Amino acid sequence: MAMPGTLDSANLNGGQKLAVKYFTVALALFGAQIVFGLLAGIQYLKPDFLYGVLDFSVNRMVHINALVVWLLFGFIGSSYWLLEDEAGIPVVGLRLGNLVFWVFTLAVAVVVVVYLLVQIGPGDHSTLWLINEGREYIEAPRWADIGIVACVLAFFFNVAATFAKGRYTGIGGVLVLDLIALFGIYLAGMFYTPNISVDQYWWWWVIHLWVEATWEVLVGCLMAYGLMKTLGVRRKIVETWLYIEVALMFGSGILGLGHHYFWIGTPEYWFTIGGFFSALEPIPLVAMVVHSVFDSGTHNMKNNNHPALAWIIAHAFGNFFGAGVWGFMHTLPQINLYTHGTQWSASHGHFAFFGAYATLVIAFFYLALQKWRGNVWMSGGLAGAWRWKWALGLLNLGMVGMVMAMLVAGYEQSQIERAIEGSSWVGYFVAQAHPWFVQGMWWRQVFGWMFAAGFVLLVWDLLTLGRSERRPAQVHAEPGVR
Ligand code: HEM
Ligand code: HEM
Ligand SMILES: [Fe+2]
């Protein structure tokens, strides 16, 4: 084995070699997401900027599709990362897994290039098949949809077959069942109907049931594994928490779907169902915070990977505040009447996606880096530790700043456009010209640059951290260090 500190793929098992490929593409797409976000943000301030060259509609689309895809790559990578460790045997069908990685990556690249080359055109069937399906967040054209389904089926086979042949841990069992739901739901977003209410009805099955049910369960599995690896928490403890979280998550998240059925033409009973169940959704997120803070506390925060644990804690709080608190704020129909579709939603959307998902995938980047460098020391006194700390600070502060700026703009829109002007067309423009809105958009941009600076540091850190370190990682075997 190579010296600790040297990046060597011999340090990784088969699944992990594949995982770091997924992580690399995820990081690149994360970068692209930020670039397109910044461009879209500038267009809010200067509407003429790049008009006709790179329209806002396209920037925004690439921004949020890149987000979804990099997180999916991060999740697939993380699943491969823990697979051999959990199942106790080499990945079944690894060659297929590798092939699928390249096909998937190539397909994503082609889809993005087509988005950029064909920015406007008729919305007919050929567009749907070849260019853009027109469904926010999952705009990939039909051919790519089918390809995605094939790729994830192969991935699912790898995971399920490996656990079936090796051993099923609690984490493994939850993961496999969750992946069936996660990818099964994607099919609902491919269902074409000319009726916009029906279309939205099904589309939300993907969007809401992903982020508020199946993705949450998936990050629950990842957090459980991450806590075992960094802190040395006993399996029994993390798996018990996992079962509780999963039960609560599905108990509230499935019918919580109704909070998107308030204004799209669905029957009125959704007000009650959606309002009630979605209001319960923060509860599992509280459980996740308690879980991670409790585990860290009982181990006196002693852990063998400082950056990874820091990002896991950022995840616990980001998930709770971004999804739980920010979601709860506008989830009752009486409030949503005023806030629906304002910057309030964008504030929550940024906070939740970053807090719940980006953070945990970044934690896995650091877990991977540690092992890739031969289980190198990543605890106190690490050379160049300022970089990961500054990246953590700038990314989180940049995000919270953007979120607050959008929240102020959203408050102003709810008040002026909705409450005072009665949701009129004129009200929409009056609200957008108001200084609070305009300034909110400027501050979003300022904090966006801060976020981007944090990203640059993160990449730099991932390329260098632990390089000059020769100490092997600290071992924190359980017996519940207190
Ligand atoms: C990690 C989990 C979550 C993520 C990633 C997330 C993300 C988002 C995003 C991106 C939107 C905007 C959708 C659009 O384009 O129209 C949205 C809308 C919404 N979210 Fe969440 N969310 C999460 C959890 C929650 C939770 C737990 C609640 C409630 C307790 C919630 C309540 C809402 C509501 C009410 C809307 C509709 C806003 C509107 O009417 O414009 N979300 N969410
Ligand atoms: C450099 C930083 C960023 C900037 C300047 C930025 C800017 C923007 C802009 C201008 C939009 C369109 C909003 C609208 O249509 O009103 C948007 C949408 C969105 N962005 Fe970002 N973004 C950034 C980073 C991020 C990050 C890191 C995430 C998540 C991890 C994210 C998630 C989203 C989501 C979910 C939406 C759709 C929100 C909705 O429909 O309500 N963005 N972003
Ligand atoms: Fe939702």
Side-chain angles (χ1 to χ4, degrees), residues 60-61 64-65 67-68 133-139 145 178 181-218 246-285 319 322-353 356-357 406-407 410 413-414 417-419 422-424 428:
R60 185 186 193 283
M61 173 174 72
I64 59 179
N65 281 260
L67 164 68
V68 171
E133 213 179 35
R135 292 191 176 101
E136 199 195 356
Y137 300 99
I138 45 171
E139 268 123 329
D145 267 352
D178 186 55
L182 200 161
F183 295 128
I185 288 167
Y186 188 74
L187 300 175
M190 294 169 63
F191 178 62
Y192 178 75
T193 147
N195 180 319
I196 190 73
S197 293
V198 179
D199 196 89
Q200 291 273 295
Y201 181 90
W202 291 110
W203 170 78
W204 278 114
W205 276 48
V206 191
I207 303 308
H208 170 100
L209 290 181
W210 262 6
V211 300
E212 281 156 78
T214 56
W215 284 25
E216 283 284 4
V217 170
L218 196 127
V246 167
L248 292 170
M249 225 107 72
F250 280 143
S252 57
I254 293 178
L255 283 174
L257 174 65
H259 64 190
H260 302 292
Y261 288 168
F262 296 157
W263 326 113
I264 64 168
T266 34
E268 276 182 24
Y269 50 75
W270 283 112
F271 285 125
T272 320
I273 300 174
F276 180 75
F277 284 97
S278 64
L280 299 178
E281 283 185 47
I283 297 172
L285 309 181
N319 197 7
V325 177
W326 256 243
F328 182 78
M329 290 201 292
H330 58 173
T331 207
L332 297 176
Q334 294 85 341
I335 293 173
N336 196 262
L337 176 62
Y338 296 92
T339 59
H340 176 62
T342 59
Q343 287 298 318
W344 201 310
S345 308
S347 173
H348 156 64
H350 279 83
F351 207 2
F353 262 110
Y357 301 125
M406 286 185 268
L407 190 65
Q413 284 178 302
S414 320
E417 176 188 334
R418 303 285 158 86
S423 294
S424 62
Y428 176 72

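In this chain, numbering begins with 1 at the start of the sequence shown. Bear in mind the structure is a predicted one, so any value in this text is a computation, not a measurement.
Side-chain atoms of Glu212 and Glu281, non-hydrogen and from C-beta on, do get closer than 4.5 Å to each other. At a threshold of 4.5 Å between non-hydrogen side-chain atoms, the residues His259 and His330 do not count as touching. With a 4.5 Å cut-off on side-chain heavy atoms, Glu216 and Leu285 count as touching.
Atoms CG and NE2, from Leu255 and His208 in turn, are 8.5 Å apart once rounded to the nearest 0.5 Å. Rounded to the nearest 0.5 angstrom, His260 NE2 and Asn336 CG are separated by 9.0 Å. Here the CG atom belonging to Asn65 is positioned 13.0 Å from the CZ atom belonging to Arg135, to the nearest 0.5 angstrom. Taken to the nearest 0.5 Å, the CD1 atom of Ile273 stands 13.5 Å off from the CD1 atom of Ile254. Distance check, rounded to the nearest 0.5 Å: OG1 of Thr266 to CH2 of Trp204 gives 11.5 Å. Taking CD of Gln334 as the reference point, atom CZ of Phe262 lies at 8.0 Å (rounded to 0.5 Å).
Using a distance-only test at 3.5 Å, with no hydrogens or angles considered, a donor-acceptor pair links the side chain of Thr214 to the main chain of Leu209. Listed for the Tyr357 side chain is a donor-acceptor partner under 3.5 Å among the backbone atoms of Val211. Not one N or O on the side chain of Trp205 forms a donor-acceptor pair closer than 3.5 Å with the backbone of Gly189. With hydrogens and angles ignored, the 3.5 Å screen pairs no side-chain donor or acceptor of Ser347 with any backbone N or O of Gln343. Distance alone, capped at 3.5 Å, places no donor-acceptor pair between the Tyr137 side chain and the Ile64 backbone. No donor-acceptor pair closer than 3.5 Å links the side chain of Ser345 to the backbone N or O of His340.
No more than 12 heavy atoms of other residues, nucleotides or ligands lie within 6.0 Å of OH in Tyr338, so this atom counts as exposed by the packing criterion.
In this pair, Trp215 and Phe353 present their aromatic rings perpendicular. The plane angle is above 60°, beyond the 30 to 60° band. Relative orientation of the Tyr201 and Tyr261 rings is parallel, given thresholds of 30° and 60° on the angle between their planes. The aromatic rings of Trp326 and Phe351 stand perpendicular to each other, their planes meeting at an angle above 60°, with 30° marking the opposite boundary.
Taking the six-membered ring for Trp, Phe271 and Trp263 have ring centres closer than 6.0 Å.
Partner of Tyr186 under the ring-ring contact (aromatic ring centres under 6.0 Å, His included) criterion, out of Phe191, Trp210, Trp202: Trp210 alone.
Between Pro282 and Ala279 the shortest heavy-atom distance is CD-O, 3.2 Å.
For Ser278, the side-chain hydrogen bond (donor to acceptor under 3.5 Å, both in side chains) criterion is met by Thr331, not counting sequence neighbours.
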